[in-house]
Number of protein chains: 2
Amino acid sequence: MVTIQDVAKAAGVSPMTVSNVINEREHVRDSTRAKVLDAMERLDYRVNVAARNLRTGRTGTIGLAVPEIDRPYYGVLAAAIMKAAEAKSLRVVVEQTERSRENELDALTLSRNRLYDGLILSTVGLGPADADLLRVDYPIVLLGERIFAGPADHVAMPNVEGARAAVEHLIARGSRRIAIVEGDPTEDLNVSSLRNQGYREALAAAGIAFEDEWVVPIGEFSLEAGVQAVQRLAERGMAVDGIFCVTDTVATGVLRGLADHGIPVPGQVRVIGFDDVPGSAYTVPSLSSVDPDHDFMARTAVDLLVRRIEGNADKAVHRDVIGPFRVVERESSGG
Amino acid sequence: MVTIQDVAKAAGVSPMTVSNVINEREHVRDSTRAKVLDAMERLDYRVNVAARNLRTGRTGTIGLAVPEIDRPYYGVLAAAIMKAAEAKSLRVVVEQTERSRENELDALTLSRNRLYDGLILSTVGLGPADADLLRVDYPIVLLGERIFAGPADHVAMPNVEGARAAVEHLIARGSRRIAIVEGDPTEDLNVSSLRNQGYREALAAAGIAFEDEWVVPIGEFSLEAGVQAVQRLAERGMAVDGIFCVTDTVATGVLRGLADHGIPVPGQVRVIGFDDVPGSAYTVPSLSSVDPDHDFMARTAVDLLVRRIEGNADKAVHRDVIGPFRVVERESSGG
DNA sequence: ATGAAAGCGCTAACAA
DNA sequence: TTGTTAGCGCTTTCAT
């Protein structure tokens, strides 16, 4: 192992000067710098990050805890966050929480073991009742739709507005009886209930009286759950001409289910999702969706975290940022 | 910051004893252990991983470099590798190489900066000519189809056999004029050329004379490239009744392209892909594919890497492991 | 502009 | 079974 000492010896300078060169500090004569760089090259020197971390107390790494990296939405999110982090010279460690409240808390605890300078935590298991557990003296940023005005910076999607715009789009295209495929309604605040709110606002604004049978609750936001939601609607006589799905993954399953039942889309039923994941432009029919601007969310989350890490943020004040969105009209809504 | 020293003082023992308790070593009296654990709890002690890393020379973290985490295949692969790594108490840092040869080499170099104990490198940019660059004195495992018998352990998919089985399946279903949508043929050895070999073997075995116009080269393995491949075939008169696609992502684009052209699948053309990503069961029509057993590949890669890290592997001998596969028959091939 | 000394928190090796 | 010593490689501080 080649150390700074070795380089210093080879270059005929002190270890401190080598350190100054490595960290691109000023007050190093060009000729000295050249000598050092040459020695580093010759010896194939590499910094020992562990030693630097120990000394500085910083790791140059942030954690990202997501439910499942192999879900398209989280893949897109993770890619965007890595890109945003790279722009700040930060590495990203991805942890999977498998949608469990416990694992999300574990991620928080583990992270505090000084492994990362901060943590971006995408919560789906933790709910509003757990907000106090997030009151930690450690830089974190929350992503997700379940905890608002909590004790941490938070970036959320434009759930209400986006959902409302999506349903208004279905109405504009001619739908009048619009189903919503959404999450477990027993949870008090989650991505579903906010999107449900937007859904109802859109109906109300159009003077459409909401009917209970339009609601199809599902247990998880998966492809299979989408298929089963259609089955449920079919059992109720498929008395709808529009379906708003809580995520694109669910919507893709819904498209599949509608195909199973031979129901034309958008001919008989219009469909729209939420997230605008890459695959949505290529389903058959292609899926209309709400694009929440993943890059904006990623950039904002990383920026907020860096502010905390660098101590440039008021410990008592926490930001709640909601991103922009746009409705992407494709075949499934007759767009 | 609470250190081992603090805990030792609070528990009335030496730092070494605290260390022994933390690391669950033997030869600690139960009563002593209890005292230490109690003090740790009271002070809310957390290990300083940086200090431990510096001392032990191990980080407990491995790197995983993939082209793009937001491609379904790499999402599935990353999830499987994280699961396999977790079983060995290893964390995983994901880096994205964006399919470039340079970034893949960078990942290798950065990794050697002692950040990780080892690296799993999924290569698509590096080719056989670069094999020598991988001759590093550092634990690495290669994933991918471009470098075989190189200077590192390597896990690959059953490209030839899987492709052959896929095409044999199309033939068994009645296809006789079978296109292949594959990668740039100017590369001498890549995932495409191996799958091309399997494709040709299947044709030959069935006594079908191969025709040049059946080959549709694409520049990248994307959804859009699949759409464009169909456009190409349509311009040639769509004189095929089967299409073998080099990946499921490409095949999903091909399904989309065939829908654009109003070509019935599997009625007029049967389609099969490779990878069996989660979405393939839910496309319309659902996509037949070759399942390469992602979990096996992930487990094998992690096992090989751990062997290297622990020094239990001969430095001069490198393993080339090829996983199992099975053909998954769905609607797109009339299965 | 450069260097010397000290120490970050932990654990390997050895001692008691 | 428990404790002592030393030092991993780096950077902060202060001196020159």
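Only this structure's heavy atoms are used, side chains among them; waters, hydrogens and symmetry mates stay out. Every chain is numbered from 1, with letters handed out A, B, ... down the list of sequences. These figures come from a predicted structure and were not determined experimentally.
- B:L54 has its CG atom 18 Å from the P atom of D:dA6, to the nearest Å.
- Residue B:N23 is in sugar-phosphate contact alone, with no base atom involved, counting any heavy-atom pair closer than 4.0 Å across all strands shown.
- In the set D:dT1, D:dG3, D:dC10, the nucleotide with an atom closest to the side chain of B:V13 is D:dG3.
- Under 4.0 angstrom from either OP1 or OP2 of D:dG3 there lies at least one side-chain N or O belonging to B:T17.
- The main-chain N or O of B:F296 is found under 3.5 Å from a side-chain atom of B:T300 such that the two form a donor-acceptor pair.
- Distance B:N20 CG to C:dC14 C1': 13 Å, rounded to the nearest Å.
- Distances shown here put a side-chain N or O of A:R25 below 4.0 Å from the OP1 or OP2 atom of D:dT12.
- The phosphate of D:dT2 (OP1 or OP2) has a side-chain N or O of B:T32 nearer than 4.0 angstrom.
- Side-chain contact check for B:S19 and B:R25: at least one donor-acceptor pair (N or O, by modelled atom type) lies under 3.5 Å.
- Using a cutoff of 4.0 Å between basic side-chain nitrogens and carboxylate oxygens, B:R307 and B:D303 are not scored as salt-bridged.
- Computed from coordinates, the A:R29 CZ to C:dA1 C1' distance equals 6 Å when rounded to whole Å.
- Between the CZ atom of A:R33 and the C1' atom of C:dA1 there is a distance of 11 Å, given to the nearest Å.
- Atom CD1 of A:I4 is separated from atom C1' of C:dG3 by 14 Å (rounded to the nearest Å).
- Ion pairing between a basic and an acidic side chain is recognised when a charged N comes within 4.0 Å of a carboxylate O; A:R135 and A:D132 show such pairing.
- One interatomic measurement links the two molecules: NZ of A:K9 to P of D:dG9, which rounds to 12 Å at whole-angstrom precision.
- The residue among B:T56 and B:V28 whose nearest nucleotide of DNA chain D is located toward the 5' end is B:V28.
- The phosphate of C:dC10 (OP1 or OP2) has no side-chain N or O of B:S19 nearer than 4.0 angstrom.
- A:D6 and A:K9 are not joined by a salt bridge, as no carboxylate oxygen comes within less than 4.0 angstrom of a charged side-chain nitrogen.
- Of the listed nucleotides (D:dT4, D:dC10, C:dG3), D:dC10 has the atom at the smallest distance from the side chain of A:R52.
- As a whole-Å value, the separation of A:R55 CZ from D:dG7 P is 18 Å.
- Note: CE (B:M16) to C1' (C:dC14) measures 11 Å, nearest angstrom.
- At the phosphate of C:dT2, neither OP1 nor OP2 sits under 4.0 Å from any side-chain N or O atom of A:S14.
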